Amino acid sequence: MKAMTVGEPEIREAVTMKEAIDAVRQAFVDLAGGEFEMPTRTALRDGQFLVMSAHHRSTASAMIKTLSLNFERKPAIAGTVTWCETGRLDQLIADAGAVTALRTGAVVGVATDLLAPPEAGRLTLIGAGGQAADQVRAVHAVRPLRQLTVVDAEPVRARDLAERLAPELAGVELLTSTDAVSAVRQAEIVCCATNATSPLFPESALPAQVHVNAIGAYRPTMRELPDELLAGSTVVVDELDAVLEESGEIIHALESGAITKDALMALGTALNAPSAEYGKRTVFKSVGVAVQDWAVARLLADKFLA
């Protein structure tokens with residue numbers, strides 16, 4: 001038996017965003033089809049330590065991710081993703097920070113491709129932290145961008161991210177801002193990637209037609225979106241049990257009566273039966289689930305353990 005260890009440079013070189021999006025899309029289809037055994041993740045120290053696992057029945061493969069989070073540390077996410085199969089002895093151990101950023105971007109790509117208007121090309125990204133770059137890459141992969149506005153409370157972080165992404169976004173107008181409210185007014189797609197504990201903007205700041213992705217808040221005490229937005233939108237979530245336990249936005253909106261559980265649609269269900277019309281406002285809320293990590297880990301295993 002051998003254990004192949006791969007770090008961020010190897011992961012980035014081995015897996016493209018398009019590959020990750022395709023793999024994550026199929027994983028959610030399989031999840032809806034009952035192909036996965038996926039316990040709700042274990043959160044310790046109020047989410048500073050997370051353990052996630054998934055078993056794919058038809059391939060007899062499994063993934064376990066363990067990580068620590070500290071937003072005062074760089075990088076904020078540290079840990080490992082371990083891949084194993086009953087059919088072979090070799091295992092793969094991958095950097096959890098790189099896998100998490102890639103799979104979180106990928107699921108936003110899946111949801112944006114499903115829910116955003118085909119012509120949407122103006123993206124406002126709120127939050128310039130560790131998850132931000134892959135949010136942009138994923139949206140750009142499915143909806144080629146004309147304009148990107150990066151919003152962050154620290155102007156230097158916003159400018160640094162825009163400059164880092166510039167070589168990948170030829171022909172895209174790049175803007176930065178510290179004002180989320182004004183930055184979303186003309187957006188066609190909004191991505192929220194912060195650790196906020198209260199809504200980043202009022203519902204009234206958004207245009208009449210917009211798609212919003214929210215991936216930053218992953219604990220009940222965190223919240224990026226206002227109740228009014230959820231109440232007036234088609235809301236798709238990564239996995240129902242996960243958001244009911246962990247998503248501050250969903251929990252708050254349910255408790256306030258702004259929405260009911262019936263208003264929530266799981267991503268896998270939506271992918272299996274896509275609608276021709278979701279309405280002018282759509283929201284994708286993700287807290288992150290293990291099948292996403294499994295999907296990226298499988299790509300890595302196919303390339304490094306072949």
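Just so it is clear, the model here is predicted, and its values are computed rather than measured.
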Practice problem: Heavy atoms only: give me the nearest Ala138-Ile21 pair and the separation to one decimal. | Solution: O-CD1, 3.9 Å

Quiz prompt | Stepwise side chain to side chain donor-acceptor pair (under 3.5 Å) test for Lys65 and Thr100 | solution = CA-CA 10 Å; Lys65 179 169 78 171; Thr100 299; 2.8 Å; yes

Quiz item: Would you call Asp90 and Leu92 a side-chain contact if the rule is heavy atoms closer than 4.5 Å?
Solution: no

Can you list, pair by pair, the side-chain donor-acceptor contacts under 3.5 Å of residues 229-239, counting residues two or more places apart and other chains?
unit_1: Ser233; atom_1: OG; unit_2: Leu229; atom_2: O; d: 2.6
unit_1: Thr234; atom_1: OG1; unit_2: Tyr278; atom_2: O; d: 2.2
unit_1: Asp238; atom_1: OD2; unit_2: Ser286; atom_2: OG; d: 2.8
unit_1: Asp238; atom_1: OD2; unit_2: Val287; atom_2: N; d: 2.9
unit_1: Asp238; atom_1: OD2; unit_2: Gly288; atom_2: N; d: 2.8
unit_1: Glu239; atom_1: OE1; unit_2: Asp241; atom_2: N; d: 3.3
unit_1: Glu239; atom_1: OE1; unit_2: Ala242; atom_2: N; d: 2.8

Quiz item: For Asp152 and Thr178, what are the C-alpha separation, side-chain angles and deciding distance, and is it a side chain to side chain donor-acceptor pair (under 3.5 Å)?
Solution: CA-CA 5 Å; Asp152 197 276; Thr178 58; over 6 Å; no

Throw together a table of side-chain donor-acceptor distances under 3.5 angstrom for residues 295-306, partners on residues two or more places apart or in other chains.
unit_1: Lys303; atom_1: NZ; unit_2: Ala14; atom_2: O; d: 2.3
unit_1: Lys303; atom_1: NZ; unit_2: Glu19; atom_2: OE1; d: 3.1
unit_1: Lys303; atom_1: NZ; unit_2: Glu19; atom_2: OE2; d: 3.2

Self-check item: Straight-line distance of Glu224 CD to Tyr218 OH, nearest 0.5 Å
Solution: 11.5 Å

Quiz item: Any side-chain heavy atom of Val136 within less than 4.5 Å of one from Leu148?
Solution: yes

Quiz item: Between Thr66 and Thr82, is any pair of side-chain heavy atoms under 4.5 Å apart?
Solution: no

Exercise. Mind listing the closest non-hydrogen atom pair of Ala32 and Gly268 along with its distance?
Key: CB-C, 3.6 Å

Practice problem: Enumerate the residue pairs fulfilling salt bridge (charged side-chain N to carboxylate O under 4.0 Å, His left out) with a member in residues 107-120, sequence neighbours excluded, ordered by first and then second residue. | Solution: Arg25-Asp113, Asp113-Arg143

Quiz item: Measuring from Glu154:CD to Thr176:OG1, what's the distance to the nearest 0.5 Å?
Solution: 13.0 Å

Quiz item: Is the closest side-chain heavy-atom distance between Ser247 and Lys285 below 4.5 Å?
Solution: yes

Exercise. For side chain to side chain contact (heavy atoms under 4.5 Å, CB included), just list the numbers for Leu267 and Phe284, CA-CA rounded to whole Å, side-chain angles, deciding distance to a tenth of an Å, and then say yes or no.
Key: CA-CA 8 Å; Leu267 179 58; Phe284 173 62; 4.1 Å; yes

Exercise. Using the test salt bridge (Lys or Arg N to Asp or Glu O under 4.0 Å), find all partners of Asp95 that sit at least two apart in sequence or belong to another chain.
Key: none

Quiz item: Do Thr59 and Glu85 meet the criterion of a side-chain donor-acceptor pair at a distance under 3.5 Å?
Solution: no

Self-check item: Donor-acceptor side-chain pairing of His56 and Ser61 below 3.5 angstrom
Solution: no

Quiz prompt | Within-4.5 Å side-chain heavy-atom neighbours: Leu244 and Ile251 | solution = no

Quiz prompt | Derivation and outcome, side chain to side chain contact (heavy atoms under 4.5 Å, CB included), residues Gln147 and Leu145 | solution = CA-CA 6 Å; Gln147 182 186 84; Leu145 295 176; over 6 Å; no

Quiz item: If you measure only the distance, is there a donor-acceptor pair under 3.5 Å linking the side chains of Asp134 and Thr104?
Solution: no

Quiz item: Looking at OG1 of Thr112 and CD of Gln135, how far apart are the two atoms once the value is rounded to the nearest 0.5 Å?
Solution: 8.0 Å

Practice problem: Apply side chain to side chain contact (heavy atoms under 4.5 Å, CB included) to Ala290 and list each qualifying residue two or more places apart in sequence or on a separate chain. | Solution: Met38, Met52, Ala54, Met63

Practice problem: For Gln48, check side chain to side chain contact (heavy atoms under 4.5 Å, CB included) against everything at least two apart and list the hits. | Solution: Arg45

Exercise. Indicate yes or no: at least one non-hydrogen side-chain atom of Arg57 is less than 4.5 angstrom from one of His55.
Key: yes

Practice problem: Go through the structure and list residues passing salt bridge (Lys or Arg N to Asp or Glu O under 4.0 Å) with Lys280, not counting sequence neighbours. | Solution: none

Self-check item: Shortest non-hydrogen contact from Ala133 toward Arg164
Solution: CB-NH1, 4.0 Å

Exercise. Mind checking the OG1-CG spacing from Thr260 to Leu254? Nearest 0.5 Å is all I need.
Key: 7.5 Å

Practice problem: Name all residues meeting the side chain to side chain contact (heavy atoms under 4.5 Å, CB included) criterion together with Ala3; count only those two or more places apart in sequence or in a different chain, and write none if there are none. | Solution: Ile93

Using distance only, find each side-chain donor-acceptor pair of residues 185-193 under 3.5 Å and give its atom names and separation, not counting sequence neighbours.
unit_1: Glu188; atom_1: OE1; unit_2: Gly121; atom_2: N; d: 2.6
unit_1: Glu188; atom_1: OE1; unit_2: Arg122; atom_2: N; d: 2.9
unit_1: Glu188; atom_1: OE1; unit_2: Arg146; atom_2: NH2; d: 2.9
unit_1: Glu188; atom_1: OE2; unit_2: Arg146; atom_2: NH2; d: 3.3

Self-check item: Trp83 and Trp294 aromatic ring geometry - parallel, tilted or perpendicular at 30°/60° bounds
Solution: tilted

Quiz item: Between Lys18 and Asp22, is the closest basic N to carboxylate O distance under 4.0 Å?
Solution: yes

Quiz item: Got a second to check how far Leu125's CG is from Leu161's CG, nearest 0.5 Å?
Solution: 6.5 Å

Quiz prompt | Pairing residues for Ser53 by the side chain to side chain contact (heavy atoms under 4.5 Å, CB included) criterion, not counting sequence neighbours | solution = Pro39, Ile64

Quiz prompt | Residue pair Arg281 / Gln209, side-chain heavy-atom distance below 4.5 Å | solution = no

Quiz item: In Å and rounded to the nearest 0.5 Å, what is the CG to CD1 distance from Asp227 to Ile250?
Solution: 9.5 Å

Quiz prompt | Smallest separation among heavy atoms of Gly216 and Met222, with atom names | solution = O-CE, 3.7 Å

Exercise. Answer yes or no: is there a side-chain heavy-atom contact under 4.5 Å between Val15 and Leu102?
Key: yes

Quiz item: Which pair of heavy atoms, one from Thr149 and one from Ala183, lies closest together, and at what distance?
Solution: CG2-CB, 4.1 Å

Quiz prompt | Atom of Asp293, atom of Val289 and distance for their closest heavy-atom approach | solution = OD2-O, 3.7 Å

Quiz item: Thr194 side chain to Gly127 main-chain N or O, any donor-acceptor pair under 3.5 Å?
Solution: no

Could you tabulate the donor-acceptor pairs under 3.5 Å formed by side-chain atoms of residues 69-79, not counting sequence neighbours?
unit_1: Asn70; atom_1: OD1; unit_2: Glu72; atom_2: N; d: 2.9
unit_1: Arg73; atom_1: NE; unit_2: Pro75; atom_2: O; d: 3.1
unit_1: Arg73; atom_1: NH1; unit_2: Ser68; atom_2: OG; d: 3.2
unit_1: Arg73; atom_1: NH2; unit_2: Ser68; atom_2: O; d: 3.1
unit_1: Arg73; atom_1: NH2; unit_2: Ser68; atom_2: OG; d: 3.1
unit_1: Arg73; atom_1: NH2; unit_2: Ala76; atom_2: O; d: 2.8

Quiz item: In the hydrophobic clustering that connects Ile, Leu, Val, Met, Phe, Trp and Tyr at side-chain heavy-atom distances below 4.5 Å, which members other than Val156 occupy its cluster, ordered by chain and number?
Solution: none

Exercise. Could you check Glu168 against Arg137 for side chain to side chain contact (heavy atoms under 4.5 Å, CB included), going step by step and ending with a plain yes or no?
Key: CA-CA 8 Å; Glu168 305 174 42; Arg137 292 177 181 125; 2.9 Å; yes

Exercise. Check step by step if side chain to side chain contact (heavy atoms under 4.5 Å, CB included) holds for Met265 and Leu240.
Key: CA-CA 8 Å; Met265 183 187 310; Leu240 289 171; over 6 Å; no

